[in-house]
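Take a look at the structure set out below.
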Amino acid sequence: MTTPGASKDVEDMEAVKDVRDEPGPVAEEASAPEAAPVPGEVSEVAAGPTERRLHPVTPLRRAWAPVAVIAGWAVHDPDQAQRQLTRLTTMTLTAVLVAAVLGAALYGFLSWWFTHFAVTDTELRIRTGLVFRRTAHIRLERLQAVDVTQPLLARVAGVAKLKLDVVGTDKKDELAYLGQEEARVLRAELLARAAGFAPETAHEVGEAPVQRLLHVPAGVLAVSLVLTGATWGTLAAALVVPPLLWFATHSVWTVLATALPLLGAAGASSVGRFVGEYDWTVGESPDGLRIDHGLLDRTHETVPPGRVQTVRIVEPLLWRRRGWVRVELDVAGSSNSVLVPVAPREVADAVIARVLPGVTVPTSLARPPRRAGWCVPFWWRGYGLAVTDTVFVARHGLLRRSIALVPHAKVQSVRLEQGPWQRHKGLADVRVDTGANKTVTARLRDATEAAELLYGQADRSRTGRREARPDRWMA
């Protein structure tokens, strides 16, 4: 089976293989003549799928590439750029600017002109490239999420970007930009086709209805960011470290090189998160959980059912008094990682029950034995473990507590690890690997308990995979 984005040559090889596997006529038997086409009628193979272009404002986005190259050269060697500019006369400089603008505009137009996309019976084809041509063949049955994003300028222009999450690929293919209505209609069609609807009925399905499950008020989000210790820690470092460096080095560049990244990190963990997670809304639809958020850039994401490998419940220290938690996800083949930025524990548990049907978050987890303190002093109290009929649950952290829930059906492998000191104390770690290339660890368990957990978890994983529901949309 070819992966999404595979070349056309691979598909042709598959077609040849399929033809060779089919029973052919006897060697002595003459082949039947092909039926002559009806005059004036164009066959479906000859006509091919209808190709479409992106929105006409797309060249404005692509035209920035040559400008970015020139700006990068100027920033890389500012002295050389300044010497070159001083040698130019006003007339020459004007001609150079006009040529650069025209060249950028021509590049944007040609890149838009040579970009097409089409939806066939089995795949979405995207042809791009001005000099080097690239054709992406995205099989519809391997689509697992279609996200709609609208940066601020795109919202002003009335366009949107489609991002496609495909099983087996790390990089998202995208269609940028489409009209808002066209993006909505195409997304609904792709989801319907991925769910198995016939091409002639996919247009009639339309967008699935949504039932709201959660909305995060702006005030709650702002207070949660203020109560996040990482924000204050980064801000304190930005205010303390640069003055110390100034007294030690008396170098402005050293101070700026340290202060700017720290201030940027503090802004990203506070203002940046508020802007990105503003108006966070979670809704349930037949094609999965839908997430809408963003103050300046609006994003519409989909959490596909059956693809969630791990659910993490994060409890920062200053949130516990208010009973707030944050819910994060590990989704196979997708970059969607946040389900709930902040919510009361009971509300978050209700949303988790929609992601993992039949799963109840355990209220108590078993700590490691007290001798684990010889391996990890004091912090061993933050570790915990629970195994239910549906999930493997592990906890770690004291100040920032994190509880990971892994459905048994999503466990790919189980490992037992022991260091020299752990063997001396009769302890072991049990690591569970998931399909999202992530690992959940139950740390510092009793060695006998860890061995039983190793073999028991392997049996539970096999049983869970046999009983798991198919990963189909709109089921």
What's the spacing between [X] [atom1] and [Y] [atom2] if we round to 0.5 Å?
| X | Y | atom1 | atom2 | value |
| --- | --- | --- | --- | --- |
| Arg431 | Leu454 | CZ | CG | 13.0 Å |
| Glu182 | Leu54 | CD | CG | 8.5 Å |
| Arg184 | His300 | CZ | NE2 | 10.5 Å |
| Gln309 | Lys438 | CD | NZ | 10.5 Å |
| Thr299 | Ile291 | OG1 | CD1 | 10.5 Å |
| Leu427 | Asp446 | CG | CG | 7.0 Å |

For [X] and [Y], indicate whether the former's side chain and the latter's backbone hold a donor-acceptor pair under 3.5 Å.
| X | Y | value |
| --- | --- | --- |
| Arg401 | Gly397 | no |
| Arg465 | Gln412 | no |
| Thr441 | Arg443 | no |
| Thr58 | Tyr177 | yes |
| Arg371 | Lys425 | yes |

- Query: How far apart are the C-alpha atoms of Arg127 and Thr135, what are their side-chain angles, what is the distance that settles it, and do they pass the side-chain hydrogen bond (donor to acceptor under 3.5 Å, both in side chains) test?
  - Reply: CA-CA 4 Å; Arg127 295 198 297 115; Thr135 302; 5.4 Å; no
- Which of Trp253, Trp246, Phe247 passes ring pair (Phe, Tyr, Trp, His ring centres under 6.0 Å) with His250? It is Trp246
- Query: Between Ser461 and Gln457, does a side-chain hydrogen bond (donor to acceptor under 3.5 Å, both in side chains) hold up when you go through it step by step?
  - Reply: CA-CA 6 Å; Ser461 300; Gln457 184 59 46; 3.3 Å; yes
Heavy-atom side-chain contact between [X] and [Y] under 4.5 Å:
| X | Y | value |
| --- | --- | --- |
| Leu213 | Leu289 | yes |
| Leu162 | Leu186 | yes |
| Leu143 | Leu140 | yes |
| Glu189 | Val119 | yes |
| Thr439 | Arg415 | yes |
| Val325 | Ile403 | no |
| His215 | Asp279 | yes |
| Leu365 | Leu385 | no |

- For Ser413 and Asp433, run side-chain hydrogen bond (donor to acceptor under 3.5 Å, both in side chains): C-alpha distance rounded to whole Å, both residues' side-chain angles, the deciding distance at 0.1 Å, then the answer. CA-CA 5 Å; Ser413 63; Asp433 300 319; 2.7 Å; yes
- Option from Asp389, Leu453, Val414, Val391 for which side chain to side chain contact (heavy atoms under 4.5 Å, CB included) with Arg460 holds: Leu453
- Query: Going through the distances and angles, do Thr302 and Arg187 end up as a side-chain hydrogen bond (donor to acceptor under 3.5 Å, both in side chains)?
  - Reply: CA-CA 11 Å; Thr302 303; Arg187 177 186 180 276; 2.5 Å; yes
- Item | Residues, nucleotides or ligands: over 12 heavy atoms within 6.0 Å of Phe274 CZ | yes
- Describe, in one word, how the ring planes of Trp280 and His293 are oriented to each other, choosing from parallel (under 30°), tilted (30 to 60°) and perpendicular (over 60°). parallel
- Matching residue for Glu315 among Arg345, Arg322, Arg395, Arg400 - test: salt bridge (charged side-chain N to carboxylate O under 4.0 Å, His left out): Arg345
- Task: Scan Arg312, Lys410, Arg307 and name whichever one has a salt bridge (charged side-chain N to carboxylate O under 4.0 Å, His left out) with Asp330.
- Result: Arg312
- Query: Taking only residues at least two apart or on different chains, which pairs with a member in residues 381-423 satisfy ring pair (Phe, Tyr, Trp, His ring centres under 6.0 Å)?
  - Reply: Trp421-His424
Which pair of heavy atoms, one from [X] and one from [Y], lies closest together, and at what distance?
| X | Y | answer |
| --- | --- | --- |
| Gln150 | Ala160 | CG-CB, 3.6 Å |
| Ala218 | Tyr278 | CB-CE1, 3.6 Å |
| Ala428 | Ala450 | CB-CB, 3.9 Å |

